[in-house]
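Encoded as structure tokens, the structure appears first; notes follow it.
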Amino acid sequence: MRSAFLQLAAVGLLCSTASICNAQATAARGERLYADNCSTCHGEELQNNSTVAFDLRRLKADEHERFVTSVTNGKNTMPSWDGVLSDQDKEDLWAYIRANANDR
Amino acid sequence: MKKQISLMVGLAFAPQAHAQTAQDILKASPESVLTYGMNYSQNRFSQLDKINTTNVRKLVPAWSYSLNNNTGEEAQPIIYDGTAYITSQNKTVALDALTGREIWNTPVEYPPATTRVVCCGIVNRGAAIYEGKLFRTTLDARVIALDIKTGKEVWSVKSGDANDGIAMTGAPIIANGVLITGMAGAEYGSRGYIEAYDPQTGKQLWRFYTVPRPGDKGAESWPDNASNASGGSTWTTGTYDPDMDVVFWGIGNPAPWNPLLRPGDNLYTNAIVALKPKTGEVVWHYQMSPTDPFDHDNITSIITADLTVEGKPTKALIQVARNGFVYILDRTNGKLLSANPYVKVTWAKGVDLETGRPIWTDATKKAMTLTDEIETWPSNSGGTNWFPYSYDPRKQIAYVNTLDFGMKYQPAPIEEIRNLKPGQGHRGVKITKLYNDNARGHLRAIDPFTGKAKWEIPFKSPNWAGTLVTAGGLVFTGTLTGEMIAVDAEQGKIIWSFQTPSGIIGQPVTWEKDGKQYVTVTSGTGGVYVMNTPDPNLKHTPAGGTVFTFKLMED
């Protein structure tokens, strides 16, 4: 009885509204997209030695546009993903990066 | 019109004045560095001894040069006729080898989508030179020839495409007048190949696919999927035996890493293939890691050596393989002579000398058929990686930067890898590395007959640089925190060190001019480990490429 209550409470806490539930699903998908496409250069689980590639955890909440532009077009040796990643893919990646950002 | 004609005449005659021939490469005079590996046996051993254990403390920089690039410098310098030729991912430069002054600088440009299929460092590993031209590959999989005097492009051939998962990072070689290159991209489902060009014209002479199609030899080793098998990239540089007229090339891992949909030995992945340079005909092959689930990419350097094996003089080759064993093969026929672990190895109990096959452990068999998590050593990075080791033929010792970590490994369910297309990531496994932060790597003096180390030096971050050994009793290499070091080859002690501005992932070489010995290396952190792997020890090592040349301080 008690554990069932706790479980319910936990679900309620994590997922209090439909939009937060959604954000979790999309961040989880973003994590897989990141591992497949970005981690070789940006570091395992976003952990980056800050040498060659930008540390994505530094992206701020208001830098969504910069993120989409850079990922779509590339920047110097950062590849362009135009026609490879969908808009939804980019949003899921953004959700994952934001969930692990320095200034959460 | 007139101008055009005179230009053509100029091009036609210029190379003769500045031509290094096949004979020059064969001679391998210590004054120059004319080929990858410093000589055709690729042992990176130099006869020079003016810089030695007694005076190396006086080694100081003669000059440094900025490569104006921050993505990592892995190239082996070429030194010819007083000029140093250095490749980077975005340029090729010729420098006065004594002063570091730039002679020419030819940029490399590529489309913005190129690096999508560059798994393992935005880098280039060096050039070949021959009869007045310099040859290199580019990240967008072109092979190009530059006039060695002017840096002007003579020809450029598009070899592969990013949409097929193909990039190029390796140094080509010249073998019997033929230019030979490999390619990268098993991590993106490309189908591997080795190919040959006419150095004069860029005309393709042959292409050998490392992964067969139904009907080809080896197709039976992919019983379920020969029609679309992939992997087997060829991203480092093969070794040429001029007496046998054969090239030995290390072949990379099968794709995807997840093995569940590709039962069979998966030839010629993780093998060494011996080829005729004029025709591409396969003379023999030997496969180190059949059915490999672990990315034990068999591309580490191959060294030819004449050894006495069980009392018999033997034309051998030595490979300190990524899978953790050091192999000695008879290079005339590919027969296995010995295979012993040189780091912690748990994926195989050993190698059967009769059949030449690894003796898989239960955990490895599990990884080939189920989606359970296992622990295995060495990790997917290998017991060593692309960075070349050196070998002293007098002492018969190999100087190897080793990687001393294992991994937890779990294949993803089949559904996740069933419909992968070339150009997409081809891993399909979950990996967690197992590190000892006090020594993720070592520099080891390894006896290739036993795998045992005569001495070893631990490093917090593993060294990701080539080694060089000299008759002066010194082993040179670099660290990821940027120290260029000289080690006493007998004692295994660091006896000289110089802090360069960035991490070293390059390949030191040594050469002589007017009776003085020099050591040249690139500094510039990057490469797959630095980009991909969180390492607390690397917090204070900034990026930025430079070339350094050292000499003994003069009074």
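Naming: A, B, ... by sequence-line order, numbering from 1 per chain. Below, all heavy atoms of this structure are taken into account, side chains as well, without hydrogens, waters or symmetry copies. It should be emphasised that the depicted structure is a prediction, and the values quoted were computed from it without experimental measurement.
Between chain A and the options Ala162(B), Ala113(B), Gly544(B), Gly425(B), heavy-atom pairs under 4.5 Å are most frequent for Ala113(B). Ranking Pro536(B), Ala543(B), Gly423(B), Pro112(B) against chain A, the residue ahead of the rest is Pro112(B), based on heavy-atom pairs under 4.5 Å. Across Val530(B), Leu538(B), Val528(B), the residue that shares the most heavy-atom pairs under 4.5 angstrom with chain A is Val530(B).
For the residue pair Arg136(B) and Thr92(B), a side-chain donor N or O sits within less than 3.5 Å of a side-chain acceptor on the partner.
To the nearest 0.5 Å, atom CZ of residue Phe67(A) and atom CZ of residue Phe54(A) are 10.5 Å apart. One distance of note links CG of Leu56(A) with CD1 of Ile97(A); it measures 4.5 Å at 0.5 Å rounding.
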Could you show, one pair per line, the donor-acceptor contacts under 3.5 Å between chain B and chain A?
| residue | atom | partner | partner atom | Å |
| --- | --- | --- | --- | --- |
| Pro112(B) | O | Ser80(A) | N | 2.9 |
| Thr115(B) | OG1 | Thr77(A) | O | 2.7 |
| Val530(B) | O | Asn49(A) | ND2 | 2.9 |
| Met531(B) | O | Gly43(A) | N | 3.4 |
| Asn532(B) | O | Glu44(A) | N | 2.8 |
| Asn532(B) | ND2 | Ser39(A) | O | 2.8 |
| Thr533(B) | O | Asn49(A) | ND2 | 2.7 |
| Asp535(B) | N | Asn49(A) | OD1 | 2.9 |

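Residues passing the side chain to side chain contact (heavy atoms under 4.5 Å, CB included) test with Ala465(B) are Thr477(B), Ile504(B), sequence neighbours excluded. Every side chain to side chain contact (heavy atoms under 4.5 Å, CB included) that Ala75(B) has, sequence neighbours left out, goes to Thr87(B). Take Thr106(B) and apply the side chain to side chain contact (heavy atoms under 4.5 Å, CB included) test, not counting sequence neighbours, and it matches Trp104(B), Leu146(B).
Residue Ala255(B) comes nearest to Gly189(B) through the heavy atom pair CB-CA, 4.2 Å, listed as atom of the first residue, atom of the second, then distance.
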